[in-house]
Trainee: 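One structure coming up, written as structure tokens, with questions to follow.
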There are 2 protein chains.
Amino acid sequence: MSGPTESRVTSKDVAAAAGVSRSAVSFAFNDPAKIADSTRQRILAVAKELGYTPNPVARMLQQGRTRSLGVLLPQDLPQIMENPYYSQFFVGLGQVCHREGLTLLLTPPLRNSMLKAIPYAAVDGFVVCGLEVDRGEVAELRRRGIPFVLVDSDPPEGVPSVDVDDQAGAREVVQHLLDLGHRRIAVISFDPGPDKEAYGYRGPLARRMAGIREALAGAGLAMDDLPLIEVPCTREDGYHAAKNLMLLDEPPTALVTLSDILAVGAIDAMHDLGIDIPGQISITGFDDQPEAAWVRPRLTTVRQPIIAKGRVAGDFLISAIRGETQHPHQVLHTVLIIRESTGPIR
Amino acid sequence: MSGPTESRVTSKDVAAAAGVSRSAVSFAFNDPAKIADSTRQRILAVAKELGYTPNPVARMLQQGRTRSLGVLLPQDLPQIMENPYYSQFFVGLGQVCHREGLTLLLTPPLRNSMLKAIPYAAVDGFVVCGLEVDRGEVAELRRRGIPFVLVDSDPPEGVPSVDVDDQAGAREVVQHLLDLGHRRIAVISFDPGPDKEAYGYRGPLARRMAGIREALAGAGLAMDDLPLIEVPCTREDGYHAAKNLMLLDEPPTALVTLSDILAVGAIDAMHDLGIDIPGQISITGFDDQPEAAWVRPRLTTVRQPIIAKGRVAGDFLISAIRGETQHPHQVLHTVLIIRESTGPIR
DNA sequence: ACGGTCTATTAACACGAGTTAGAAACACGT
DNA sequence: ACGTGTTTCTAACTCGTGTTAATAGACCGT
């Protein structure tokens, strides 16, 4: 009966059992040329017998590489995993990991701080997601010498980054509504978080807002003329926000939501209120997540290439890890997907 | 201008700059009681000045813990991430990580081998997913002394494991069809992989097949009487399989699929063929993934508690890591969700 | 038998931390 | 002045690996 809590067997144990030095064991595994084939075979046999496998952490320390990429996330794991956006992003990132033979370490905030999570992660580099307000994360990664890529942020100069042209996307979708004759347009935005007070809008949200403003300006409208509701990004919140908007004295004829999830909730609300889409109201989403094509009516939305974003972020990170010193900054395009949830005003 | 490739600063550098020993630096950070407060402040100041943060890998090696859980996966990352099943599973596992303050390391097969991936992962324990044919993974983890939990497998004795009562689920859904009067039932199964030849059905697939067989037996039918198609688990494959089944001389009146994805494809096929669901054919899924409630008609399916499975697996792993020597084996229940895609034979 | 070349093997170090035992410095009471 | 006790710091070890420089030994030709 081999004890269940047998202490882990190290290369020292193998060396002792085979009657050689520790170095010989290492050579047997890593550098067959430096050792006689007969003793190599003997060492390997003993190693197998004892069930020896090198300790990954020790090897990481010695080699200075971990063979895994880190993703520094802005929310806790359950929230991230519930969000289909990240599923797609991880598909793209996963393609790179697969190609390079790397693992993926998901690093949520530690005690509500992305910064605090950094020093505990054993990775070769970080993809930093949704860092809208930099609380020292960039400086920390920089001086620590860890390669990293910023995604969905306000990228400072000299840092590799990947973003999407949120502004153009928002502009186009609002322009689409204007072209259909809508003027009373309401906006349902996802919550900018507590940082809005101190910093105003940041990152993708700021760009989307700017895009909306830009399109409105072309029609002689201002943001302040429109009702705006900010809620957490769940279906229920979209539902309630939309319902409340329809109770206004002059209810909107079009609803611009900044996320498909909110739009789906809004569609539910209209359904319950007996309001026809797009006959009485037009609704738009953002992201083009799978739900957008499932709901009825199918959702007009702004598609952003999430999988490509993940893949490009991974590629940039790989090249940063390889020591290439360029700092590429790529902005991916959005596409307006017109489906059935928008129509002309009547 | 601080150089960009400044070599990482270690505790030795801090010690030298502060004129103390390395140990003092360590104490300043970890054990304030063992050092004079004045020098502690000085060390911390110097450390901050130099931008020192302890190396996570070195600490892991010394402390013998990594503060991260591993998930040993049966497929490559892109495939995993495309699969909504795993998104839900990771939500449950993420809850545990969040509670315990741990990170999550996704470990796909290395060169097509789960076994080979094990020695490269720096984790405190593994959740092993979908290990249907054990090629030494269990032995490897055991002798390495790494705690682990098996999920969706054929768990051997003395190993913590979490499973779902697939057999009961399959039995009930087939019974439901039998109760509706169906006798010509076809099965679309996901591909059992190349191991079927050598080992036959294994794991959840084996249990689901057994459940089907069991229900059929009650009605005096045998598995061999039914058409069975095995395909990879994608929507397109479900589509083509369903279409082919309808071309048979005596087409089935009910379609049992072993995954919602396949069922959704089958629904598409019936739509294209102009066959009414559930008027002319009944279709059932398995898992109750979000799509099941989105498609029209809404899918009758077997719900398995995926999030709970992830959470229980995480809990078992945590207690195994804590050294508790029980080997719990939990089987979660399924629920038959009857929606609109099944109806009485006519 | 001897110097030389070549090969198999090992001792010693590096990676970067945490930790134990003990030395040095100082205060105190007698 | 001496022993005792306390505080403050450090030398030296640990974790488990990979790698370099040096040693021991075998083999060869003359």
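Chain A is the first sequence line, chain B the second, and so forth, proteins listed ahead of strands; every chain is numbered from 1. Note that this is a predicted model, so its numbers are computed, not measured.
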Trainee: At under 4.0 Å, does any side-chain N or O of B/Y120 touch on OP1 or OP2 of D/dT17?
Mentor: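 For D/dT17, neither OP1 nor OP2 has a side-chain N or O of B/Y120 closer than 4.0 Å.
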Trainee: For B/A33 and for A/S11, find the nucleotide of DNA chain D with the closest heavy atom, then tell me which residue's nucleotide is more 5'.
Mentor: B/A33
Trainee: For the aromatic rings, using the six-membered ring if either is Trp, is the centroid distance between B/F90 and A/F90 under 6.0 Å?
Mentor: no
Trainee: When the nearest nucleotide of DNA chain D is assigned to A/L61 and to B/V20 on a heavy-atom basis, which residue is associated with the more 5' position?
Mentor: B/V20
Trainee: Could you please name the option among D/dA12, C/dG18, D/dT17 that lies closest to any side-chain atom of B/Q63?
Mentor: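 Output: C/dG18.
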Trainee: Tell me the interatomic distance from A/I35, atom CD1, to D/dT19, atom C1', rounded to whole angstroms.
Mentor: 14 Å
Trainee: Taking only the side-chain heavy atoms of B/R59 (C-beta and beyond), determine which of D/dG18, C/dT10, C/dG18 contains the nearest atom.
Mentor: C/dG18
Trainee: Return yes if a side-chain donor-acceptor contact under 3.5 Å exists between B/T107 and A/T103, otherwise no.
Mentor: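 A/T103 and B/T107 do not have a side-chain donor-acceptor pair below 3.5 Å.
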Trainee: Using a heavy-atom cut-off of 4.0 Å across all strands, would you classify B/Y52 as base, sugar-phosphate, or nothing?
Mentor: sugar-phosphate
Trainee: Looking at residues at least two apart in the chain, or sitting in another chain, which of them share a ring pair (Phe, Tyr, Trp, His ring centres under 6.0 Å) with A/Y120?
Mentor: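 Ring pair (Phe, Tyr, Trp, His ring centres under 6.0 Å) list for A/Y120, sorted by chain: empty.
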Trainee: Check the pair A/S161 / A/F316 against side chain to side chain contact (heavy atoms under 4.5 Å, CB included), numbers first and verdict last.
Mentor: CA-CA 8 Å; A/S161 57; A/F316 282 6; over 6 Å; no
Trainee: Atom CZ of B/R65 to atom C1' of C/dG18: distance rounded to whole Å?
Mentor: 14 Å
Trainee: Return no unless some side-chain N or O of A/S26 is found under 4.0 Å from OP1 or OP2 of D/dT17.
Mentor: no
Trainee: Of all the nucleotides listed (C/dG18, D/dG16, D/dT8), which has the minimum atom distance to the side chain of B/Q62?
Mentor: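 Of all the options, the side chain of B/Q62 is nearest to C/dG18.
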Trainee: Let's test your reading of the model: under 3.5 Å, does the base of C/dA17 pair with the side chain of B/T10 as donor and acceptor?
Mentor: no
Trainee: In whole Å, I'd like the distance from the CE atom of A/M60 to the P atom of C/dA17.
Mentor: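 Going from CE in A/M60 over to P in C/dA17 covers 16 Å.
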Trainee: For the residue pair B/K309 and B/Y85, confirm or rule out a side-chain donor-acceptor distance under 3.5 Å.
Mentor: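 B/K309 vs B/Y85: donor-acceptor pair found between side chains.
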Trainee: Can a side chain N or O of B/S21 be found less than 4.0 Å away from OP1 or OP2 on D/dC9?
Mentor: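 Checking D/dC9 against B/S21, no side-chain N or O comes under 4.0 Å of OP1 or OP2.
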Trainee: Can you tell me whether the side chain of A/T39 and the base of C/dA8 have a donor-acceptor pair closer than 3.5 Å?
Mentor: no
Trainee: Starting from P on C/dC6, measure out to NZ on A/K34 and report it in whole angstrom.
Mentor: 17 Å
Trainee: At less than 4.0 Å, is any side-chain N or O atom of A/N30 found next to OP1 or OP2 of D/dG18? Yes or no.
Mentor: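 Indeed, a polar side-chain atom of A/N30 lies that close.
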Trainee: How many Å lie between CG on A/N55 and P on D/dT14, as a whole number?
Mentor: 17 Å
Trainee: Can you check whether any acceptor in the base of D/dT17 is under 3.5 Å from a donor in the side chain of A/R22, or vice versa?
Mentor: yes
Trainee: Regarding B/V57, tell me which of base, sugar-phosphate or nothing describes its non-hydrogen contacts under 4.0 Å with the strands shown.
Mentor: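 The answer is nothing, as B/V57 stays clear of every strand by at least 4.0 Å.
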Trainee: Round to a whole Å and report the spacing from CG of A/D37 to C1' of C/dA8.
Mentor: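 Atom CG in A/D37 sits about 13 Å away from atom C1' in C/dA8.
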Trainee: Any chance you could measure A/F148, atom CZ, to A/L317, atom CG, to the nearest 0.5 Å?
Mentor: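 Taking CZ in A/F148 and CG in A/L317, the distance rounds to 10.5 Å.
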Trainee: Tell me the interatomic distance from B/Q41, atom CD, to D/dC9, atom P, rounded to whole angstroms.
Mentor: 13 Å
Trainee: Please give, in whole Å, the distance from D/dT10 P to B/I43 CD1?
Mentor: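 For the pair B/I43 CD1 and D/dT10 P, the rounded distance is 8 Å.
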